[in-house]
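Just below is one structure, and these are the notes that go with it.
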Amino acid sequence: MNTGSNIAQEIRDRISTSNELRFAPFRPLSEFITNATWNVPNFSDLPKLNNRIISNLIYYQTNYFVFGIALFLLVGINYPVDFLFGLVVVSALLMGFIYISSSARANNNNVLATVEHFLRSAKEDRPIIVLVAVLGASYFILSFLGKLFIFFLGIVLPVQAILLHATLCRRNMSNKVVNKISQFSLQGTPMGVFLAALGLQVVMSNSEHQFRIPPIRSIREFIGGDEWAKPSFNPNELRELEKQVIANMIYYQSNYGAIAIPFLLLVAFFYPAAIIFGLVIFAALLAGFVYTQKQRTALTVLFHDRPILVLIILLFAAFLVIRMFGTVFIFLLGIALPLALIVGHATARTQTLQNKAENAVESLSLQATPMGLLLSWLGAKPTEESTTKRR
């Protein structure tokens, strides 16, 4: 009886928050392992097998994340340089694939156009094949650099264990019902966002849920011209200033990423353990804040639609925690400094007409880009004007 009420409650939560990112509940070990039904699937029926794997990945995602992150940390702490290097290679290949396969660009080069078309076709409803292909490409790159052992132990092993569980574990009734609802909001959970980025397509009411990476803005548009102004910190104008900062962070997000990520990797190359530790602390605080927001506590009202304030508070909290472990300088240099420069640019750079036009559309689907997803975690909401137009 309790199981049925839990399913009903989860369905209500998913429907009521279909446009918000949420964390799926942690499934009990009895359902996850001990009382689960296991069998070898029919590998001749690939669509059915693919459906089982994807359903299990979404349904048990929190269990998988806990297992994967624990193993990541265990290997990362003992072999920080090799593990970070392998993670960078996999991430770079994955982001490159997502960018190429999701960009509809006119290309005069027949060879490049053929490659882009092949990648876009290959990823449709085949996210697992894409993931295996990315891991295979990473294997060949790392094999030349002699870093295969840590790659297999820290990255391939967790992924293989997760895929093996998702393949052999039969879906129960709760799994089937919950995932049927999830089809209408694939990106409502972290695993849904990840699978959608890999190419999983489901029936959706519109195209606003497609995850994409925006183009890099030109240097002239990013730092040139006279679109600079000293911001006003008048209490009556802070709300407008925050809207400008959010709009710029979304519009210039690829430029910010192209600057911040290499800088972060450079610092991580010299101080890998300290950077990993700082990222873990900040990610843990962010996850805690997101979870608290979903519980509709007093913090939900206090920090409603105040993502920049939340970001500052989280960075300060991470600073206080990391300070106790003696690695605060690396945290400030590799994480806090790039974020401070991004917010500084977004504060001083006035919006262009193209910026305003694109962000008016972007606000209708805040989570459609990496920066929009981060800002939604920090509490940003679509603007009232856009919401009205949407209705």
If you group Ile, Leu, Val, Met, Phe, Trp and Tyr by side-chain heavy-atom gaps below 4.5 Å, do [X] and [Y] land in one group?
| X | Y | result |
| --- | --- | --- |
| Val328 | Phe263 | yes |
| Leu341 | Ile219 | yes |
| Ile77 | Phe282 | no |
| Met324 | Ile322 | yes |
| Val134 | Ile141 | yes |

Identified side chain to side chain contact (heavy atoms under 4.5 Å, CB included) partner of Leu153 from the options Ile155, Leu157, Val156: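 In the set Ile155, Leu157, Val156, the residue that makes a side chain to side chain contact (heavy atoms under 4.5 Å, CB included) with Leu153 is Leu157.
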Under the side-chain contact (heavy atoms from CB on, under 4.5 Å) criterion, do Leu264 and Ile335 qualify, and how do the steps go? CA-CA 7 Å; Leu264 175 65; Ile335 300 174; 4.2 Å; yes
Between [atom1] of [X] and [atom2] of [Y], what distance do you get to the nearest 0.5 Å?
| X | Y | atom1 | atom2 | result |
| --- | --- | --- | --- | --- |
| Ile342 | Asn255 | CD1 | CG | 10.0 Å |
| Lys230 | Thr347 | NZ | OG1 | 13.5 Å |
| Leu315 | Leu320 | CG | CG | 11.0 Å |
| Ile276 | Ile281 | CD1 | CD1 | 12.5 Å |
| Leu314 | Phe289 | CG | CZ | 6.5 Å |
| Trp228 | His345 | CH2 | NE2 | 4.0 Å |

Does [Y] offer a backbone N or O that forms a donor-acceptor pair with the side chain of [X] under 3.5 Å?
| X | Y | value |
| --- | --- | --- |
| Tyr252 | Glu221 | yes |
| Asn248 | Arg349 | yes |
| Thr327 | Ile330 | no |
| Gln61 | Ile58 | yes |

Do Phe331 and Phe277 touch side chain to side chain, with heavy atoms closer than 4.5 Å?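 When only atoms from C-beta onward are counted, Phe277 and Phe331 do not touch, as no gap falls below 4.5 Å.
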Side-chain touch Ile259/Pro338, heavy atoms, less than 4.5 angstrom: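 No, their side chains stay 4.5 Å or more apart.
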Measuring centre to centre across the rings, with the benzene-like ring taken for any Trp, is Phe152 within less than 6.0 Å of Tyr139?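 Yes, the ring centres sit under 6.0 Å apart.
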Aromatic contact, Phe151 with Phe85 (centres under 6.0 Å):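 They do not qualify: ring centres at least 6.0 Å apart.
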Minimum heavy-atom distance [X]-[Y], with the two atoms named:
| X | Y | answer |
| --- | --- | --- |
| Met249 | Ala346 | CG-CB, 3.8 Å |
| Leu142 | Gly86 | CD1-CA, 4.0 Å |
| Leu285 | Ala318 | CD1-N, 3.4 Å |
| Asn56 | Cys169 | ND2-O, 2.8 Å |
| Leu49 | Asn42 | CB-O, 4.5 Å |
| Val90 | Ser138 | CG2-OG, 3.4 Å |

Could you walk me through whether Phe83 and Phe72 satisfy the side-chain contact (heavy atoms from CB on, under 4.5 Å) test, starting with their C-alpha distance in whole Å, then the side-chain angles of each, then the deciding distance to 0.1 Å, before giving a yes or no? CA-CA 8 Å; Phe83 175 74; Phe72 281 1; 3.8 Å; yes
Quick one: salt bridge (charged side-chain N to carboxylate O under 4.0 Å, His left out) pairs with a partner in residues 79-94, sequence neighbours left out?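 Residue pairs passing salt bridge (charged side-chain N to carboxylate O under 4.0 Å, His left out), neighbours aside: Asp82-Lys147.
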Would you mind listing every side-chain hydrogen bond (donor to acceptor under 3.5 Å, both in side chains) that reaches into residues 269-286, with sequence neighbours excluded?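 For residues 269-286, and leaving out neighbouring residues, there are no side-chain hydrogen bond (donor to acceptor under 3.5 Å, both in side chains) pairs at all.
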Is the number of heavy atoms from other residues, nucleotides or ligands under 6.0 Å of Phe316 CZ greater than 12?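 No, because the 6.0 Å sphere around CZ of Phe316 holds 12 heavy atoms or fewer from other groups.
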Greater than 12 external heavy atoms within 6.0 Å of Tyr79's OH: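 No.
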Donor-acceptor contacts, no H, no angles, side chain residues 63-71, under 3.5 Å, sequence neighbours left out:
unit_1 : atom_1 : unit_2 : atom_2 : d
Asn63  : OD1    : Arg27  : N      : 2.9
Asn63  : ND2    : Arg27  : O      : 2.8
Tyr64  : OH     : His165 : ND1    : 2.7

